[in-house]
Amino acid sequence: MRVVFLDDVENVARAGEIKMVADGYARNFLLPRKLAAAATTATVQQAEARAKQIAKEQEKIDEGARAIAEKLSASPVAITARAGEGGRLFGSVTASDIAEELGKRGAGAIEHRQVILDGPIKEVGTYTVPVILTRNVRTEVSVEVKAEGQVEAKAEGE
């Protein structure tokens, strides 16, 4: 079935796109949730107009995000965590920790889903972490994980 997407559907299409989808997917999921409409001449014209409007709005959002991206990639983000001997952290540094630190640096409200980590960081060191600011703007942030507990660990061992 040929449908016009009225809203973004993750990993499928963006609002305003016209695509062929399985009949059952359209009837049982997209149409009842008003995420898409059957592609008629009228809905196609409305979708094209809406796509132009969304593109203009997205460009404005992207301009602001590019400025934030330059600010974030300019200097590394330092995160201090308790660590034992050998640089292993007692806990870990997660995407939420990095997002919180980026928010403090004036990046606005960054959600943990925007910080792309393969897994939690469990060792002291410098890491390059990709951050998705908008659907079109991505940046890489340098994250320095520093040990806070090395002095404490030595004192306990004596």
Side-chain angles (χ1 to χ4, degrees), residues 1-81 88-146:
M1 176 181 270
R2 192 164 173 236
V3 296
V4 175
F5 284 86
L6 305 174
D7 203 357
D8 291 350
V9 179
E10 197 168 325
N11 297 326
V12 178
R14 293 185 178 165
E17 287 186 11
I18 302 167
K19 282 196 167 184
M20 287 293 295
V21 296
D23 290 345
Y25 183 57
R27 277 196 309 267
N28 298 325
F29 183 77
L30 297 174
L31 298 176
R33 289 176 175 81
K34 301 203 184 327
L35 297 173
T40 63
T41 308
T43 56
V44 168
Q45 290 174 349
Q46 288 175 350
E48 289 172 354
R50 181 157 162 72
K52 288 178 185 177
Q53 177 187 13
I54 289 171
K56 287 179 185 177
E57 291 171 2
Q58 188 64 41
E59 186 57 37
K60 289 178 185 175
I61 293 168
D62 289 347
E63 284 180 32
R66 284 187 200 99
I68 291 171
E70 289 177 23
K71 183 194 258 186
L72 292 178
S73 61
S75 62
V77 176
I79 296 179
T80 306
R88 298 269 311 158
L89 300 179
F90 287 128
S92 62
V93 176
T94 62
S96 298
D97 298 328
I98 296 169
E100 182 181 324
E101 193 64 34
L102 291 173
K104 290 178 186 175
R105 298 181 127 228
I110 292 189
E111 295 183 22
H112 69 279
R113 287 180 226 99
Q114 293 175 280
V115 178
I116 309 301
L117 275 180
D118 293 333
I121 298 172
K122 297 186 177 195
E123 292 187 4
V124 173
T126 302
Y127 300 88
T128 302
V129 179
V131 178
I132 301 172
L133 296 174
T134 66
R135 66 172 106 167
N136 299 326
V137 179
R138 297 170 183 248
T139 187
E140 290 193 347
V141 176
S142 178
V143 177
E144 284 183 27
V145 179
K146 298 179 180 178

Backbone N or O of Ala38 within a donor-acceptor pair of the Thr43 side chain at under 3.5 Å?
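Yes, Thr43 side chain to Ala38 backbone: donor-acceptor pair under 3.5 Å.
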
Under a 3.5 Å distance rule, please check whether Asp8 uses its side chain to pair with a backbone N or O of Ala15 as donor and acceptor.
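Checked: pair present.
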
Do [X] and [Y] have side chains that approach each other closer than 4.5 Å (heavy atoms only, starting at C-beta)?
{"X": "Ile18", "Y": "Arg2", "answer": "yes"}
{"X": "Leu6", "Y": "Leu35", "answer": "no"}
{"X": "Met1", "Y": "Met20", "answer": "no"}
{"X": "Pro120", "Y": "Val93", "answer": "no"}
{"X": "Asp97", "Y": "Val115", "answer": "no"}
{"X": "Ile110", "Y": "Leu133", "answer": "yes"}
{"X": "Glu140", "Y": "Val129", "answer": "no"}

Pairs flagged by side-chain hydrogen bond (donor to acceptor under 3.5 Å, both in side chains) wherever residues 108-118 is involved - sequence neighbours left out:
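Output for this query lists Glu111-Arg113.
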
What pairs with Glu17 under side chain to side chain contact (heavy atoms under 4.5 Å, CB included), at least two apart in sequence or on another chain?
Ala13, Arg14, Lys19

Please, which pairs that meet salt bridge (Lys or Arg N to Asp or Glu O under 4.0 Å) have at least one residue in residues 33-62, sequence neighbours excluded?
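Residue pairs passing salt bridge (Lys or Arg N to Asp or Glu O under 4.0 Å), neighbours aside: Glu59-Arg66.
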
